[in-house]
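Encoded as structure tokens, the structure appears first; notes follow it.
Lettering follows sequence order; numbering is per chain, from 1. Bear in mind the structure is a predicted one, so any value in this text is a computation, not a measurement.
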Amino acid sequence: MINEEKSLNFLEEIIEEDIRKGKHGGRVLTRFPPEPNGYLHIGHAKSIVLNFGLAQKYNGKTNLRFDDTNPVTEETEYVDSIKNDIRWLGFQWTEELYTSDYFEILYGYAIKLIKKGLAYVDDSTPEEIAASKGTPTEPGKPTPYRDRSVEENLRLFEAMRDGKFPDGAKVLRAKIDLANPNMHLRDPLLYRIKHAHHHRTGDKWCIYPMYDFAHGQSDSIEQITHSVCTLEFVPHRPLYDWLIEQLEIFPSKQYEFARLNLNYTVMSKRKLLQLVNERHVEGWDDPRMPTISGLRRRGYTPASIRNFCERIGVAKRENIIDVGLLEFCIREDLNKTAWRRMAVLDPVKLVITNYPEGREEILSGENNPEVAGGEGERDIPFGRELWIEREDFMENPPKKFFRLAPGLMVRLKHAYIVKCDDVVKDATGSVIEIHCTYIPESKSGEDTSGLKVKGTIHWVSVAHAKTVEIRLYDRLFNVENPAAEEDFKASINPDSLQIIKSAYVEPDLLNADPGKGYQFIRKGYFTLDTKSPSDKLVFNRTVTLRDTWAKEMQKE
RNA sequence: UGCCCGAUAGUAUAAUGGUAGUACGACAGAUUUUGGUUCUGUUUGUCUAGGUUCGAAUCCUGGUCGGGCAACCA
């Protein structure tokens with residue numbers, strides 16, 4: 001293929017068409033509108049990459065707007081974490097805005113609607129209002145307050161603002177159509193009374209606008225050109241348009257896409273909050289959580305997440321993405337950037353019987369074989385006794401086992417070829433030592449032995465090994481779609497975290513940089529846990545390496 | 001059984017009336033001092049029934065299946 005296919009998603013097509021027609025002078029302004037009532041997760045990342053990406057692609061801008069219209073659930077802690085996560089992902093918003101900054105304007109919009117005879121104060125209880133809306137198959141009926149005069153509505157709404165009524169005593173409703181087949185148009189609530197402290201406006205207000213009377217209006221105030229949200233807001237769109245039309249304000253347009261679902265995890269803030277509150281995980285940033293902060297602590301990079309969000313595409317069809325694609329994206333990134341190190345997670349001792357007692361050598365290994373020059377080398381001490389991985393030895397191996405077994409030879413990475421001669425067992429019959437002889441002329445880089453071995457294994461010198469803690473993570477749930485279960489918590493994977501209290505690593509790892517990814521050769525990608533105690537290092541496994549041998553073994 | 005949205009390989013996503021393509025996965029092979037990486041190849045798809053058309057994944061109609069909508073949440 002000579003010229004690159006552009007292959008636009010449906011939003012890019014809409015925007016390009018708008019630009020072609022000169023709509024808004026070709027201006028593109030999107031917004032990312034989180035409610036500060038929880039931490040951002042990978043689903044938000046899709047929306048962030050989409051909104052910021054669209055603006056970048058079309059020379060536009062993106063506002064960050066906190067949708068803070070419900071003081072009961074919203075907190076400043078969440079505002080800070082959200083800003084931090086967006087920056088970490090690599091995006092910078094044009095303006096930091098809050099719906100609560102528009103409360104006065106919104107109040108004015110409500111007055112305008114009342115004056116046009118398009119809104120009324122309703123004294124009904126929540127139950128009465130629900131009943132007044134009817135059901136999807138039956139039209140609603142007006143409540144006794146629907147035909148109050150403009151003057152009375154004005155007076156009552158002002159009294160609501162002035163705190164004359166308790167919570168729930170009255171609401172402001174749009175006067176549209178109680179028989180409309182779209183439930184959202186059956187006189188939707190616009191304002192409710194909540195005598196609650198707001199994280200930004202304090203106690204200034206005791207009435208707060210509902211989502212439908214805040215979101216579209218905020219879009220309009222900011223002159224957002226393309227307001228991109230998820231599918232569940234499709235039925236709200238007629239109301240979004242109706243309010244803008246009646247208010248005669250800037251005509252922002254809403255477009256909807258299908259939210260991200262990942263298998264083997266949950267994505268709703270309510271469920272994630274439950275996992276945190278009920279201590280199924282350590283917190284919002286537990287490395288098993290699909291939150292941005294969890295993925296960060298796990299060792300995912302911003303580039304890998306951005307890349308993932310681009311690969312999954314954007315459409316209007318419900319989807320469940322295989323978490324394997326996320327893993328592919330982080331491996332792809334880390335393979336190119338992670339420095340290689342050796343670590344033994346499940347050690348057994350290997351003794352080189354023909355290597356002089358007390359002798360040691362300093363060998364060297366390139367940091368990154370994926371880059372020309374290897375990004376330098378580090379020293380690796382070698383000696384007569386080594387730790388190797390227990391699974392790299394088998395007494396009675398199957399035919400295609402390319403590791404250590406009596407009579408077989410392997411290459412010790414960056415070192416020598418060794419041949420297994422003997423094993424030492426304890427009283428219970430388990431192997432405690434593997435005795436080998438090494439081939440002196442097979443040293444890495446100056447091998448004149450002429451020997452060819454199929455396998456190469458990693459190792460750490462017993463005399464120089466450093467002890468660290470390693471945490472291995474697995475999927476948090478045992479079923480593909482936990483949200484579809486009766487009780488999603490019943491399918492929590494009890495083995496999602498495995499802690500290895502003492503693993504042996506090469507000494508250079510004591511200099512590991514926080515925030516950097518390391519490949520423990522043949523074992524996976526790891527990163528320093530940001531909450532390691534100062535007296536010991538803890539490494540989190542980001543993801544395993546692809547393991548075709550393990551897959552082969554499973555087939556048998 | 002009211003209204004709305006959707007349906008293309010296992011999972012996603014293109015093809016905008018003219019050769020059904022791409023990525024991930026799976027499978028096979030080559031290379032490899034990581035059973036990693038890289039490279040090559042193979043496999044699998046238009047929900048269904050009609051209609052319009054020289055020609056339909058695409059347009060029309062009916063059906064089927066999936067999802068959403070009746071919070072003083074967003």
Spacing between [X] atom [atom1] and [N] atom [atom2], to the nearest angstrom:
X: H458(A); N: rU34(B); atom1: NE2; atom2: C1'; result: 10 Å
X: I457(A); N: rU32(B); atom1: CD1; atom2: C1'; result: 17 Å
X: N481(A); N: rG67(B); atom1: CG; atom2: P; result: 10 Å
X: E366(A); N: rU32(B); atom1: CD; atom2: P; result: 16 Å

Between protein and nucleotides 59-62 of chain B, what N or O pairs are separated by less than 3.5 Å?
none

Which whole number of Å gives the distance between the [atom1] atom of [N] and that of [M]?
N: rU8(B); M: rC4(B); atom1: C1'; result: 23 Å
N: rG45(B); M: rU64(B); atom1: P; result: 26 Å
N: rG6(B); M: rU58(B); atom1: C1'; result: 15 Å
N: rU46(B); M: rA57(B); atom1: C1'; result: 5 Å
N: rA74(B); M: rC69(B); atom1: C1'; result: 15 Å
N: rU43(B); M: rA70(B); atom1: C1'; result: 48 Å
N: rC24(B); M: rC3(B); atom1: P; result: 44 Å

Just to be sure I understand the rule, does [X] reach a base, reach only the sugar-phosphate, or reach nothing, if contact means heavy atoms closer than 4.0 Å?
X: R237(A); result: nothing
X: H215(A); result: nothing
X: R340(A); result: base
X: N263(A); result: nothing
X: H236(A); result: base
X: S132(A); result: nothing
X: P34(A); result: nothing
X: E256(A); result: nothing
X: G140(A); result: nothing
X: F401(A); result: base
X: F233(A); result: base

Query raised in the report: So which of L50(A), V228(A), I86(A), V49(A) actually passes side chain to side chain contact (heavy atoms under 4.5 Å, CB included) with F32(A)?
Result: I86(A)
Report summary line: Comparing nearest nucleotides in RNA chain B, the 5'-proximal residue of the pair K133(A), T548(A) is T548(A)
Query - Most 5' of L231(A) and E35(A) on RNA chain B, judged by nearest nucleotide - result: L231(A)
Report task. Please state whether the base of rU34(B) and the side chain of R522(A) form at least one donor-acceptor pair under 3.5 Å? Result -> no
Query raised in the report: So, do L97(A) and R31(A) sit near enough that their side-chain heavy atoms are less than 4.5 Å apart?
Result: no
Query raised in the report: Hey, does the side chain of N63(A) reach the backbone of R65(A) with a donor-acceptor pair shorter than 3.5 angstrom?
Result: no
Query - Selection from rU33(B), rA26(B), rA71(B) that lies nearest to any side-chain heavy atom of K551(A) - result: rA26(B)
**Report entry** R192(A) side-chain proximity, nearest of rC73(B), rU33(B), rA71(B)
**Finding:** rC73(B)
Report summary line: In short, A110(A) meets F157(A) closest at the heavy-atom pair CB-CE2, 3.6 Å
Detail all sub-3.5 Å separations between protein N/O atoms and N/O atoms belonging to nucleotides 2-4 of chain B.
{"unit_1": "rG2(B)", "atom_1": "N3", "unit_2": "P136(A)", "atom_2": "O", "d": "3.3"}

Query - With sequence neighbours excluded, residues passing side chain to side chain donor-acceptor pair (under 3.5 Å) with Q254(A) - result: E256(A)
Query - Centroid-centroid under 6.0 Å between Y240(A) and H236(A) rings - result: no
**Report entry** B/S/- contact track for nucleotides 6-13 of chain B, protein heavy atom under 4.0 Å
**Finding:** SSB--SSB
Report task. Treat primed atoms plus P, OP1 and OP2 as sugar-phosphate and everything else as base, then score nucleotides 37-43 of chain B 5' to 3': B for base contact with protein heavy atoms under 4.0 Å, S for sugar-phosphate contact only, - for none. Result -> S------
**Report entry** side-chain N/O T69(A) vs rA74(B) OP1/OP2, d < 4.0 Å
**Finding:** yes
**Report entry** Phosphate-side-chain proximity, K194(A) and rC73(B), N/O vs OP1/OP2 below 4.0 Å
**Finding:** yes
Query - Centroid distance under 5.5 Å and plane angle under 30°, W549(A) vs rG35(B) - result: yes
Requested in this report: Would you write the dot-bracket representation of RNA chain B, where each base gets (, ), [, ], | or . depending on whether it forms a Watson-Crick or G-U pair under 3.5 Å and with which partner?
Outcome: .((((((..((((....[..)))).(((((.......)))))....(((((..]....))))))))))).....
Report task. Please determine which of W387(A), F382(A), Y438(A) meets the ring pair (Phe, Tyr, Trp, His ring centres under 6.0 Å) test together with W459(A). Result -> F382(A)
Query - Lys/Arg cation over aromatic Y518(A): R341(A), 6.0 Å, 45° cone - result: no
